[in-house]
Amino acid sequence: MSRLSKRDYAALIARLFFGGLMLTHGWPKLMKVIAGDWTFADPLQIGVELSLGLTVFAEVICSIALIIGWKMRWFVIPLIITMVVAAFVVHGADSLSDKEPALLYLGGFIVLALLGPGKISLDKV
């Protein structure tokens, strides 16, 4: 096995950090779905159920894939889209401080998409 670089450790830390924290946003939404509560915003006018379903997919399934480094560059795309919608549609008219969490996640997900999963990932096992 080749030697691990600082970049590999940085990718692991970023995946764990951003994926783990995003999972804390998605888990309550997943619990809502399991409980049969489909109340949610519909910022793109595609239907409440689809909006919530896509958000749960991104924030739960894609976050888990990100954490373990499995097909990360594919699974980070829905997370990027979700944060673009959160920052510029849901909070579009809000102050920068209200957009800031979504923008920080967006920046992290873009960096991860460019960086890749690193050698400490399921894809590299």
TODO: Heavy atoms only: give me the nearest A11-L112 pair and the separation to one decimal.
DONE: O-CD2, 4.0 Å

Task: Point-to-point distance, once rounded to the nearest 0.5 Å, from CG of L30 to CG of L23 - done: 9.0 Å

Task: Any side-chain heavy-atom pair of V60 and T55 under 4.5 Å - done: no

Open item on the list: Count I, L, V, M, F, W, Y as connected when their side-chain heavy atoms are under 4.5 Å apart, and connections chain through other members. Are L12 and L122 then in the same cluster?
Closed with: yes

TODO: Supply the atom-to-atom distance K124 NZ to M72 CE, rounded to the nearest 0.5 angstrom.
DONE: 10.0 Å

TODO: Identify the heavy atoms of V85 and P43 that sit nearest to each other, and give their distance.
DONE: CG1-CG, 3.9 Å

Open item on the list: Which label fits Y105 and F18: parallel for a plane angle under 30°, tilted from 30 to 60°, or perpendicular past 60°?
Closed with: perpendicular

Task: Cluster link I13 to I67, ILVMFWY, side chain under 4.5 Å - done: no

Task: For the student: nearest non-hydrogen atoms of P101 and D98, plus distance - done: CD-O, 3.7 Å

Open item on the list: Same cluster or not: L115 versus F109, using hydrophobic residues (I, L, V, M, F, W, Y) connected whenever any side-chain heavy atoms lie under 4.5 Å apart?
Closed with: no

Task: Value rounded to 0.5 Å, distance of CH2 in W38 from CG in L50 - done: 9.5 Å

Open item on the list: The test is side chain to side chain contact (heavy atoms under 4.5 Å, CB included); show your working for L96 and L103 and say whether it passes.
Closed with: CA-CA 9 Å; L96 179 60; L103 292 172; 3.8 Å; yes

- [ ] For the pair K29 (side chain) and H25 (backbone), establish whether a donor and an acceptor sit closer than 3.5 Å, ignoring hydrogens and angles.
- [x] yes

- [ ] Could you tell me which non-hydrogen atom of D123 sits nearest to which non-hydrogen atom of K71, and how far apart they are?
- [x] OD2-N, 2.9 Å

TODO: With rounding to the nearest 0.5 Å, note down the distance linking OG1 in T82 to CD in E59.
DONE: 6.5 Å

Open item on the list: Side chains of E49 and F40, heavy atoms from C-beta outward: is any pair under 4.5 Å?
Closed with: no

Task: Gap between atom CD1 of I110 and atom CE of M83 - 0.5 Å precision - done: 11.5 Å

TODO: Please say whether more than 12 non-hydrogen atoms of neighbouring residues, nucleotides or ligands are located less than 6.0 Å from CZ in R73.
DONE: yes

Open item on the list: Quick check on the hydrophobic clustering: are W27 and I34 connected, directly or via other members, by side-chain heavy-atom contacts under 4.5 Å?
Closed with: yes

Task: Heavy-atom side-chain proximity of T39 to L52 below 4.5 angstrom - done: no

Task: Donor-acceptor contact present, side-chain R15 to main-chain G118, <3.5 Å - done: no

TODO: Identify the heavy atoms of F57 and P78 that sit nearest to each other, and give their distance.
DONE: CE2-CG, 3.9 Å

- [ ] Check D8 against K119 and note the closest heavy-atom contact, atom names and distance.
- [x] OD1-N, 3.0 Å

Open item on the list: To the closest 0.5 Å, what do you measure between CG (L16) and CD1 (I68)?
Closed with: 11.0 Å

Task: Residue that, paired with F75, satisfies side-chain contact (heavy atoms from CB on, under 4.5 Å) out of P117, S63, C62 - done: C62

Open item on the list: Within the 4.5 Å heavy-atom criterion, are L106 and F88 side-chain neighbours or not?
Closed with: yes

Open item on the list: Count I, L, V, M, F, W, Y as connected when their side-chain heavy atoms are under 4.5 Å apart, and connections chain through other members. Are I46 and V89 then in the same cluster?
Closed with: yes

